[in-house]
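A single structure is presented below for examination.
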Amino acid sequence: MPLGGGNKCGRCQKTVYFAEEVLCGGRSFHKSCFLCMVCGKNLDSTTVAVHTDEVYCKACYGKKYGPKGYGYGQGAGTLSMDKGESLGIKHEEPAPHRPTSNPNPSRMAQKFGGSDKCPRCGKAVYAAEKVIGAGNSWHKTGCFTCATCNKSLESTTLADKDGEIYCKGCYGKHFGPKGFGYGLGAGALSNTQ
């Protein structure tokens, strides 16, 4: 303890006596100096957030150092677009996104952010929407359909040829055996004279 009876205040650097001392982050403050660095609100143990040598209310701390973007509002069902400029908080623009140019990502790239491409639409296929058929990854909804009749497929109703997928009926019509006796169902065998 320095000469004069108390520690130095973390804000005004004047002596803090025991009766007016608030301790936070290993430093002493006057009760009247224990304020948010941005908005000036009085702080207490439930509303304070410390960043290096600065003290903030939780709202200003969140605006300055918290996550940004959709879904990080201030309350239930709230999306706040306030970035804190009115409070003197300056934001840096993030670097532009640069997608990878690797046409054949490794297993490691697939596990950490890379994804397979759907052969039907050419867009990325993520795990939640992925169905595997004919050796490729497909979107379960909209793309995992018969190439001829557009009927939704399942693993049990799938037939493939040259990387394309078909329902068993269309596959049989296009690629099945042709000729006398190869009709499509019971009683389809007809005798023509």
Side-chain angles (χ1 to χ4, degrees), residues 1-118 120-132 136-144:
M1 194 178 293
L3 189 63
N7 295 321
K8 296 293 179 187
C9 176
R11 167 123 348 166
C12 71
Q13 301 304 315
K14 294 181 182 173
T15 301
V16 180
Y17 295 100
F18 181 74
E20 59 184 358
E21 184 176 39
V22 176
L23 293 171
C24 179
R27 298 185 317 156
S28 297
F29 292 89
H30 293 106
K31 287 181 185 175
S32 60
C33 291
F34 195 52
L35 307 170
C36 175
M37 303 287 285
V38 176
C39 69
K41 283 184 185 175
N42 286 322
L43 300 173
D44 62 33
S45 62
T46 62
T47 60
V48 70
V50 179
H51 185 80
T52 58
D53 288 341
E54 301 169 333
V55 290
Y56 299 94
C57 68
K58 289 186 178 180
C60 290
Y61 178 86
K63 289 176 186 172
K64 190 166 185 173
Y65 300 107
K68 308 291 185 278
Y70 182 77
Y72 292 103
Q74 295 297 318
T78 303
L79 177 61
S80 173
M81 299 305 289
D82 179 13
K83 294 182 181 177
E85 284 91 359
S86 63
L87 302 174
I89 298 172
K90 297 192 179 11
H91 292 277
E92 299 170 12
E93 288 298 317
H97 175 69
R98 293 185 183 153
T100 181
S101 59
N102 186 352
N104 187 9
S106 67
R107 283 277 191 218
M108 193 64 106
Q110 287 178 4
K111 185 174 182 182
F112 296 104
S115 60
D116 298 327
K117 300 283 184 221
C118 176
R120 180 76 36 95
C121 69
K123 295 181 181 175
V125 181
Y126 299 102
E129 58 191 358
K130 184 180 200 176
V131 177
I132 297 175
N136 291 313
S137 297
W138 305 76
H139 292 107
K140 182 170 178 61
T141 319
C143 294
F144 197 61

**Request:** Report yes if the side chains of Y61 and H51 come closer than 4.5 Å at any heavy-atom pair, otherwise no.
**Result:**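 SC-SC contact between Y61 and H51 confirmed.
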**Asked** For the residue pair R120 and C143, what are the closest heavy atoms and their distance?
**Response**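 Shortest heavy-atom separation between R120 and C143 comes out as NH1-O, 3.1 Å.
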**Request:** Identify the heavy atoms of G122 and K117 that sit nearest to each other, and give their distance.
**Result:**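 Scanning both residues completely, I find the closest heavy atoms to be O-CD, 3.5 Å.
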**Request:** Please report the shortest heavy-atom distance between T47 and N42, naming the atom on each side.
**Result:**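 Shortest heavy-atom separation between T47 and N42 comes out as OG1-O, 4.3 Å.
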**Prompt:** Got a second to check how far K140's NZ is from I132's CD1, nearest 0.5 Å?
**Reply:**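 Answer rounded to 0.5 Å: 12.5 Å.
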**Request:** Ignoring hydrogens and angles, tell me if any N or O in the side chain of K64 forms a donor-acceptor pair with the backbone of Y56 under 3.5 Å.
**Result:**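 A pair under 3.5 Å: no.
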**Item:** R11: partners by salt bridge (Lys or Arg N to Asp or Glu O under 4.0 Å), with sequence neighbours left out
**Value:**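 Counting only residues at least two positions away or on another chain, R11 forms no salt bridge (Lys or Arg N to Asp or Glu O under 4.0 Å).
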**Residue pair C118, K123: steps toward the side chain to side chain contact (heavy atoms under 4.5 Å, CB included) verdict** = CA-CA 6 Å; C118 176; K123 295 181 181 175; 5.6 Å; no
**Asked** If you take all heavy atoms of K130 and D116, which pair is closest and at what distance?
**Response**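 Looks like NZ-OD2, 3.1 Å.
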Listing, residues 23-40 side-chain donor-acceptor contacts under 3.5 Å, not counting sequence neighbours, or none:
{"residue": "R27", "atom": "NH1", "partner": "D53", "partner atom": "O", "Å": "3.3"}
{"residue": "R27", "atom": "NH2", "partner": "D53", "partner atom": "O", "Å": "2.7"}
{"residue": "S28", "atom": "OG", "partner": "N7", "partner atom": "ND2", "Å": "3.2"}
{"residue": "S28", "atom": "OG", "partner": "E21", "partner atom": "OE2", "Å": "2.6"}
{"residue": "H30", "atom": "NE2", "partner": "T15", "partner atom": "O", "Å": "2.8"}

**Asked** Do V48 and C57 have side chains that get closer than 4.5 Å, going by heavy atoms?
**Response**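 No - every pair of side-chain heavy atoms lies 4.5 Å or more apart.
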